[in-house]
Amino acid sequence: MSRAKVFITRRLPNIDLARLHQIAEVETWEEKQPPPYSILLDKVKQIDGLLCLLTDAIDKQIIETATSLKVISQMAVGYDNIDVATATARGIPVGNTPGVLTNATADLTWALLMAAARRIVEAEKFVRAGQWQTWEPTLLLGADLNGSTLGIVGFGRIGQAVARRAQGFDMKILYYSRHRKELALERSLGLEYAELSTLLSESDFVTLHASLSAETSHLINDRAFELMKSSAILINTARGGIVDPSALERALKNNQIAGAALDVTDPEPIPLDSPLLKLDNVIITPHIGSASYQTRAKMAQMAVDNLIAGLEAKRLPNCVNYEVYH
Ligand code: DGY
(Lines give C-alpha, C1' and ligand atoms only; values in the text may rest on other atoms or scores of the structure.)
Protein backbone atom coordinates (compact mmCIF):
# COMPACT_ATOMS: atom_id res chain seq x y z
CA MET A 1 0.00 0.00 0.00
CA SER A 2 1.39 3.46 -0.85
CA ARG A 3 2.20 5.79 2.02
CA ALA A 4 -0.07 8.71 2.78
CA LYS A 5 1.04 12.14 1.53
CA VAL A 6 0.98 15.21 3.72
CA PHE A 7 1.55 18.88 3.04
CA ILE A 8 2.47 21.22 5.91
CA THR A 9 2.13 24.84 4.88
CA ARG A 10 4.97 26.22 7.09
CA ARG A 11 7.83 24.97 9.21
CA LEU A 12 6.50 24.08 12.67
CA PRO A 13 8.15 25.20 15.89
CA ASN A 14 9.97 22.80 18.15
CA ILE A 15 8.29 19.57 17.25
CA ASP A 16 9.22 15.95 16.71
CA LEU A 17 7.67 14.72 13.48
CA ALA A 18 9.08 11.17 13.75
CA ARG A 19 5.69 9.51 14.22
CA LEU A 20 4.25 11.40 11.28
CA HIS A 21 7.23 10.41 9.11
CA GLN A 22 6.60 6.73 9.98
CA ILE A 23 3.18 6.80 8.36
CA ALA A 24 3.44 9.50 5.71
CA GLU A 25 5.56 11.24 3.12
CA VAL A 26 5.76 14.76 4.44
CA GLU A 27 6.36 17.90 2.42
CA THR A 28 6.83 21.15 4.32
CA TRP A 29 6.65 24.62 2.76
CA GLU A 30 9.90 26.13 4.02
CA GLU A 31 9.39 29.75 3.00
CA LYS A 32 8.65 32.54 5.46
CA GLN A 33 5.60 33.63 3.47
CA PRO A 34 2.61 31.28 3.09
CA PRO A 35 2.43 29.20 -0.11
CA PRO A 36 0.72 31.24 -2.84
CA TYR A 37 -2.83 30.13 -3.57
CA SER A 38 -1.90 28.62 -6.96
CA ILE A 39 0.79 26.45 -5.32
CA LEU A 40 -1.56 25.33 -2.58
CA LEU A 41 -4.14 24.44 -5.22
CA ASP A 42 -1.56 22.34 -6.99
CA LYS A 43 -0.20 20.65 -3.83
CA VAL A 44 -3.61 19.56 -2.54
CA LYS A 45 -4.30 17.50 -5.69
CA GLN A 46 -2.05 14.74 -4.40
CA ILE A 47 -2.38 14.77 -0.63
CA ASP A 48 -4.18 12.79 2.08
CA GLY A 49 -3.48 15.22 4.90
CA LEU A 50 -3.12 19.00 5.10
CA LEU A 51 -1.67 20.86 8.07
CA CYS A 52 -2.41 24.55 7.58
CA LEU A 53 -2.32 27.93 9.30
CA LEU A 54 -4.75 30.81 9.54
CA THR A 55 -2.88 32.52 6.68
CA ASP A 56 -3.93 29.80 4.22
CA ALA A 57 -7.26 30.25 2.42
CA ILE A 58 -8.69 26.74 2.51
CA ASP A 59 -11.75 27.56 0.44
CA LYS A 60 -14.28 25.55 -1.57
CA GLN A 61 -12.01 25.32 -4.62
CA ILE A 62 -9.05 24.03 -2.61
CA ILE A 63 -11.18 21.45 -0.79
CA GLU A 64 -12.94 20.27 -3.94
CA THR A 65 -9.61 19.99 -5.78
CA ALA A 66 -8.17 17.86 -2.97
CA THR A 67 -9.93 14.68 -4.05
CA SER A 68 -7.95 12.30 -1.82
CA LEU A 69 -7.89 14.59 1.25
CA LYS A 70 -8.80 12.82 4.51
CA VAL A 71 -8.02 15.47 7.08
CA ILE A 72 -7.47 19.23 7.43
CA SER A 73 -5.57 20.12 10.57
CA GLN A 74 -5.26 23.79 11.45
CA MET A 75 -2.59 24.99 13.87
CA ALA A 76 -4.86 27.60 15.51
CA VAL A 77 -8.03 27.66 17.52
CA GLY A 78 -9.78 29.92 15.00
CA TYR A 79 -10.63 28.44 11.62
CA ASP A 80 -12.45 31.23 9.75
CA ASN A 81 -9.98 30.73 6.87
CA ILE A 82 -11.41 27.26 6.21
CA ASP A 83 -14.66 26.51 4.38
CA VAL A 84 -15.80 24.00 7.00
CA ALA A 85 -19.20 23.49 5.34
CA THR A 86 -17.52 22.22 2.15
CA ALA A 87 -15.16 20.02 4.17
CA THR A 88 -18.12 18.57 6.09
CA ALA A 89 -20.07 17.97 2.88
CA ARG A 90 -17.08 15.99 1.62
CA GLY A 91 -16.76 14.08 4.93
CA ILE A 92 -13.39 15.64 5.77
CA PRO A 93 -12.76 16.28 9.48
CA VAL A 94 -11.24 19.66 10.35
CA GLY A 95 -9.02 19.87 13.43
CA ASN A 96 -8.01 22.89 15.52
CA THR A 97 -6.00 23.58 18.69
CA PRO A 98 -8.30 24.87 21.45
CA GLY A 99 -7.30 25.35 25.08
CA VAL A 100 -3.52 25.46 24.87
CA LEU A 101 -3.37 29.08 23.76
CA THR A 102 -6.00 30.43 26.14
CA ASN A 103 -3.61 31.80 28.76
CA ALA A 104 -1.03 33.14 26.31
CA THR A 105 -3.74 35.05 24.44
CA ALA A 106 -5.33 36.33 27.66
CA ASP A 107 -1.87 37.46 28.82
CA LEU A 108 -1.29 39.43 25.64
CA THR A 109 -4.77 40.95 25.94
CA TRP A 110 -3.84 42.08 29.40
CA ALA A 111 -0.48 43.43 28.25
CA LEU A 112 -2.20 45.47 25.52
CA LEU A 113 -4.91 46.68 27.84
CA MET A 114 -2.37 47.94 30.35
CA ALA A 115 -0.10 49.37 27.67
CA ALA A 116 -2.99 51.32 26.17
CA ALA A 117 -4.33 52.44 29.56
CA ARG A 118 -0.94 53.75 30.68
CA ARG A 119 0.33 54.85 27.24
CA ILE A 120 3.43 52.68 27.50
CA VAL A 121 4.33 52.78 23.80
CA GLU A 122 4.00 56.57 23.56
CA ALA A 123 5.99 56.95 26.79
CA GLU A 124 8.81 54.75 25.53
CA LYS A 125 9.00 56.66 22.23
CA PHE A 126 9.01 59.91 24.21
CA VAL A 127 12.10 58.84 26.16
CA ARG A 128 13.99 57.66 23.07
CA ALA A 129 13.16 60.92 21.27
CA GLY A 130 14.98 62.83 24.03
CA GLN A 131 11.78 64.56 25.18
CA TRP A 132 12.10 63.56 28.86
CA GLN A 133 13.19 66.88 30.36
CA THR A 134 11.64 66.78 33.83
CA TRP A 135 8.91 65.20 35.97
CA GLU A 136 5.64 66.91 35.10
CA PRO A 137 2.28 66.61 36.86
CA THR A 138 0.43 66.29 33.57
CA LEU A 139 2.90 64.24 31.56
CA LEU A 140 1.46 61.23 29.68
CA LEU A 141 -1.59 60.76 31.87
CA GLY A 142 -3.52 57.58 31.34
CA ALA A 143 -6.43 55.66 32.82
CA ASP A 144 -6.78 53.68 36.04
CA LEU A 145 -7.79 50.04 35.80
CA ASN A 146 -8.80 49.88 39.43
CA GLY A 147 -12.48 50.75 39.82
CA SER A 148 -13.11 50.81 36.08
CA THR A 149 -15.48 48.64 34.04
CA LEU A 150 -14.22 45.94 31.70
CA GLY A 151 -16.57 44.77 28.94
CA ILE A 152 -15.77 41.36 27.47
CA VAL A 153 -17.40 40.58 24.13
CA GLY A 154 -17.42 36.82 23.50
CA PHE A 155 -17.10 34.65 26.56
CA GLY A 156 -15.42 31.41 25.57
CA ARG A 157 -12.16 30.15 27.07
CA ILE A 158 -10.13 33.27 26.29
CA GLY A 159 -12.82 35.73 27.40
CA GLN A 160 -13.10 33.86 30.70
CA ALA A 161 -9.33 33.83 31.19
CA VAL A 162 -9.33 37.60 30.67
CA ALA A 163 -12.09 37.92 33.29
CA ARG A 164 -9.93 35.95 35.74
CA ARG A 165 -7.06 38.38 35.20
CA ALA A 166 -9.38 41.34 35.86
CA GLN A 167 -10.13 40.00 39.35
CA GLY A 168 -6.80 41.21 40.70
CA PHE A 169 -7.45 44.74 39.44
CA ASP A 170 -10.77 45.38 41.22
CA MET A 171 -12.67 45.98 38.01
CA LYS A 172 -16.37 45.63 37.41
CA ILE A 173 -16.76 42.99 34.70
CA LEU A 174 -19.55 42.92 32.13
CA TYR A 175 -19.73 40.25 29.49
CA TYR A 176 -21.76 39.70 26.38
CA SER A 177 -21.99 36.41 24.55
CA ARG A 178 -24.50 34.63 22.34
CA HIS A 179 -25.50 32.41 25.25
CA ARG A 180 -25.57 33.62 28.81
CA LYS A 181 -23.35 31.50 31.11
CA GLU A 182 -24.47 29.62 34.23
CA LEU A 183 -25.10 31.68 37.34
CA ALA A 184 -22.40 29.73 39.21
CA LEU A 185 -19.73 30.89 36.73
CA GLU A 186 -21.02 34.47 36.80
CA ARG A 187 -20.90 34.46 40.59
CA SER A 188 -17.47 32.83 40.85
CA LEU A 189 -15.96 35.45 38.53
CA GLY A 190 -18.09 38.32 39.83
CA LEU A 191 -19.57 39.04 36.41
CA GLU A 192 -22.67 40.66 35.07
CA TYR A 193 -24.23 39.65 31.77
CA ALA A 194 -25.09 42.67 29.60
CA GLU A 195 -26.61 43.22 26.18
CA LEU A 196 -23.96 44.42 23.73
CA SER A 197 -25.31 47.98 23.64
CA THR A 198 -25.25 48.23 27.45
CA LEU A 199 -21.76 46.76 27.62
CA LEU A 200 -20.48 49.22 25.01
CA SER A 201 -21.97 52.25 26.70
CA GLU A 202 -20.89 51.34 30.25
CA SER A 203 -17.37 49.95 29.75
CA ASP A 204 -14.08 51.79 30.13
CA PHE A 205 -12.28 48.94 28.37
CA VAL A 206 -13.93 46.79 25.70
CA THR A 207 -12.09 43.62 24.78
CA LEU A 208 -13.10 41.32 21.92
CA HIS A 209 -12.97 37.52 22.20
CA ALA A 210 -15.57 36.30 19.72
CA SER A 211 -14.77 34.16 16.72
CA LEU A 212 -15.15 35.71 13.27
CA SER A 213 -18.37 34.72 11.52
CA ALA A 214 -21.07 36.34 9.41
CA GLU A 215 -22.70 37.32 12.69
CA THR A 216 -19.62 39.01 14.20
CA SER A 217 -18.10 40.52 11.06
CA HIS A 218 -17.89 44.32 11.67
CA LEU A 219 -19.80 43.88 14.93
CA ILE A 220 -17.84 46.91 16.15
CA ASN A 221 -18.93 49.54 13.64
CA ASP A 222 -19.92 53.23 13.60
CA ARG A 223 -23.01 52.53 15.69
CA ALA A 224 -20.93 50.65 18.30
CA PHE A 225 -18.41 53.49 18.55
CA GLU A 226 -21.27 56.00 18.99
CA LEU A 227 -22.36 54.02 22.05
CA MET A 228 -18.89 53.85 23.60
CA LYS A 229 -17.53 56.33 26.15
CA SER A 230 -15.14 58.97 24.79
CA SER A 231 -12.65 57.72 27.41
CA ALA A 232 -13.01 54.05 26.36
CA ILE A 233 -10.23 51.84 25.03
CA LEU A 234 -10.88 49.00 22.58
CA ILE A 235 -8.70 45.88 22.66
CA ASN A 236 -8.85 43.25 19.93
CA THR A 237 -6.86 40.02 20.13
CA ALA A 238 -9.54 37.94 18.36
CA ARG A 239 -9.92 38.61 14.63
CA GLY A 240 -9.46 41.88 12.74
CA GLY A 241 -12.70 41.42 10.79
CA ILE A 242 -14.81 41.89 13.94
CA VAL A 243 -13.99 45.61 13.77
CA ASP A 244 -14.84 47.84 10.81
CA PRO A 245 -11.40 49.47 10.22
CA SER A 246 -12.80 52.67 8.67
CA ALA A 247 -15.21 53.12 11.57
CA LEU A 248 -12.33 52.58 14.00
CA GLU A 249 -10.25 55.19 12.24
CA ARG A 250 -13.13 57.69 12.41
CA ALA A 251 -13.76 56.91 16.08
CA LEU A 252 -10.10 57.44 16.99
CA LYS A 253 -9.70 60.61 14.91
CA ASN A 254 -12.93 62.16 16.21
CA ASN A 255 -12.15 61.22 19.82
CA GLN A 256 -15.27 59.09 20.00
CA ILE A 257 -13.04 56.68 21.95
CA ALA A 258 -9.70 57.34 23.65
CA GLY A 259 -7.61 54.55 22.15
CA ALA A 260 -7.26 51.05 20.77
CA ALA A 261 -4.82 48.19 21.07
CA LEU A 262 -4.97 45.64 18.29
CA ASP A 263 -3.15 42.36 17.87
CA VAL A 264 -5.26 41.57 14.81
CA THR A 265 -6.24 43.76 11.87
CA ASP A 266 -8.25 43.58 8.69
CA PRO A 267 -6.41 42.91 6.45
CA GLU A 268 -3.32 41.25 7.91
CA PRO A 269 -0.63 42.38 7.74
CA ILE A 270 -1.91 45.94 8.09
CA PRO A 271 -0.83 47.94 4.98
CA LEU A 272 1.94 50.40 5.81
CA ASP A 273 -0.14 53.26 4.41
CA SER A 274 -3.05 52.47 6.76
CA PRO A 275 -4.23 55.69 8.45
CA LEU A 276 -4.32 53.75 11.74
CA LEU A 277 -0.52 53.62 11.73
CA LYS A 278 -0.40 57.42 11.80
CA LEU A 279 -2.35 57.70 15.04
CA ASP A 280 -0.66 57.90 18.45
CA ASN A 281 -3.62 56.47 20.32
CA VAL A 282 -3.39 53.03 18.68
CA ILE A 283 -1.04 50.19 19.54
CA ILE A 284 -0.70 47.48 16.91
CA THR A 285 1.12 44.16 17.34
CA PRO A 286 1.48 41.51 14.58
CA HIS A 287 -0.99 38.78 15.69
CA ILE A 288 1.21 37.42 18.47
CA GLY A 289 -1.50 36.43 20.96
CA SER A 290 -0.34 32.80 21.15
CA ALA A 291 3.33 33.56 20.48
CA SER A 292 5.12 32.03 23.45
CA TYR A 293 7.62 29.20 22.96
CA GLN A 294 5.61 26.80 25.11
CA THR A 295 2.23 27.63 23.59
CA ARG A 296 3.32 27.42 19.96
CA ALA A 297 5.01 24.07 20.64
CA LYS A 298 1.78 22.73 22.18
CA MET A 299 -0.28 24.05 19.27
CA ALA A 300 2.04 22.37 16.76
CA GLN A 301 1.84 19.08 18.68
CA MET A 302 -1.96 19.20 18.79
CA ALA A 303 -2.12 19.95 15.08
CA VAL A 304 0.17 16.99 14.31
CA ASP A 305 -1.89 14.71 16.59
CA ASN A 306 -5.07 15.72 14.75
CA LEU A 307 -3.34 15.14 11.42
CA ILE A 308 -2.13 11.66 12.37
CA ALA A 309 -5.56 10.68 13.73
CA GLY A 310 -7.15 11.76 10.46
CA LEU A 311 -4.64 9.81 8.36
CA GLU A 312 -5.29 6.73 10.50
CA ALA A 313 -9.05 7.18 10.05
CA LYS A 314 -9.49 7.78 13.78
CA ARG A 315 -11.62 10.49 15.37
CA LEU A 316 -9.60 13.73 15.64
CA PRO A 317 -8.87 14.60 19.29
CA ASN A 318 -10.01 18.16 18.50
CA CYS A 319 -12.46 18.44 15.66
CA VAL A 320 -14.65 21.38 14.68
CA ASN A 321 -17.08 19.37 12.52
CA TYR A 322 -17.84 16.19 14.47
CA GLU A 323 -20.90 15.80 12.20
CA VAL A 324 -18.59 14.02 9.75
CA TYR A 325 -18.56 11.03 12.11
CA HIS A 326 -22.37 10.59 12.22
C1 DGY B 1 -5.71 31.29 16.78
O2 DGY B 1 -5.24 30.24 17.25
O3 DGY B 1 -6.79 31.34 16.22
C4 DGY B 1 -4.87 32.54 16.94
O5 DGY B 1 -5.38 33.61 16.26
C6 DGY B 1 -3.44 32.28 16.59
O7 DGY B 1 -2.90 31.55 17.61
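All ligand and atom numbering here is 1-based and tracks the order in the structure. Because the structure is predicted, anything quoted here is derived from the model rather than measured. If you read the sequence from its start, that first residue is 1, and numbering goes on from there.
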Discussion item. I'd like to check the side-chain contact (heavy atoms from CB on, under 4.5 Å) partners of Ala247; sequence neighbours left out, ordered by chain and number.
Written reply: Asp222, Phe225, Asp244, Arg250

Practice prompt. For residues Leu189 and Ile173, determine if any side-chain heavy atom of one lies less than 4.5 Å from a side-chain heavy atom of the other.
Written response: no

Worksheet item: Would you say Arg296 and ligand 1 have an N/O pair spaced under 3.5 Å apart?
Response: no

Worksheet item: Do Leu113 and Leu145 touch side chain to side chain, with heavy atoms closer than 4.5 Å?
Response: yes

Worksheet item: At a non-hydrogen distance cut-off of under 4.0 Å, which region of Thr105 contacts ligand 1 (side chain, backbone, both, or neither)?
Response: neither

Item to complete: Take Arg10 and Thr55 through the side-chain hydrogen bond (donor to acceptor under 3.5 Å, both in side chains) test and state the conclusion after the steps.
Response: CA-CA 10 Å; Arg10 221 77 59 76; Thr55 42; 2.6 Å; yes

Worksheet item: Taking the side chain as C-beta and beyond, is there a heavy-atom pair between Leu248 and Ile220 under 4.5 Å?
Response: no

Practice prompt. Could you tell me the residue and atom name of the protein heavy atom closest to atom 2 (O) of ligand 1, and the distance to it rounded to 0.1 Å?
Written response: Val77 N, 2.7 Å

Item to complete: Name the closest protein heavy atom to atom 4 (C) of ligand 1, giving the residue it belongs to and the distance to 0.1 Å.
Response: His287 NE2, 3.7 Å

Worksheet entry | Sub-4.0 Å atoms of ligand 1 with respect to non-hydrogen atoms of Arg239 | 1 (C), 3 (O), 4 (C), 5 (O)

Worksheet entry | Contact check, Met299 vs ligand 1, heavy-atom distance below 4.0 Å | yes

Item to complete: Check which hydrophobic residues are tied to Phe7 through side-chain heavy-atom contacts below 4.5 Å, counting indirect links as well, and list them.
Response: Trp29, Tyr37, Ile39, Leu40, Leu41, Val44, Ile47, Leu50, Ile58, Ile62, Ile63, Leu69, Ile72, Tyr79, Ile82, Val84, Ile92, Val94, Val320

Practice prompt. With heavy atoms only and a cut-off of under 4.0 Å, state how Leu101 meets ligand 1: side chain, backbone, both or neither.
Written response: side chain

Worksheet item: What atoms of ligand 1 come within less than 4.0 Å of a heavy atom belonging to Gly78?
Response: 1 (C), 2 (O), 3 (O)

Response to the item:
atom 7 (O) of ligand 1 has as its nearest protein heavy atom Ser290 OG, 2.6 Å

Item to complete: Indicate yes or no for a side-chain donor-acceptor contact from Ser177 to the backbone of His179 under 3.5 Å, with no hydrogens or angles considered.
Response: yes

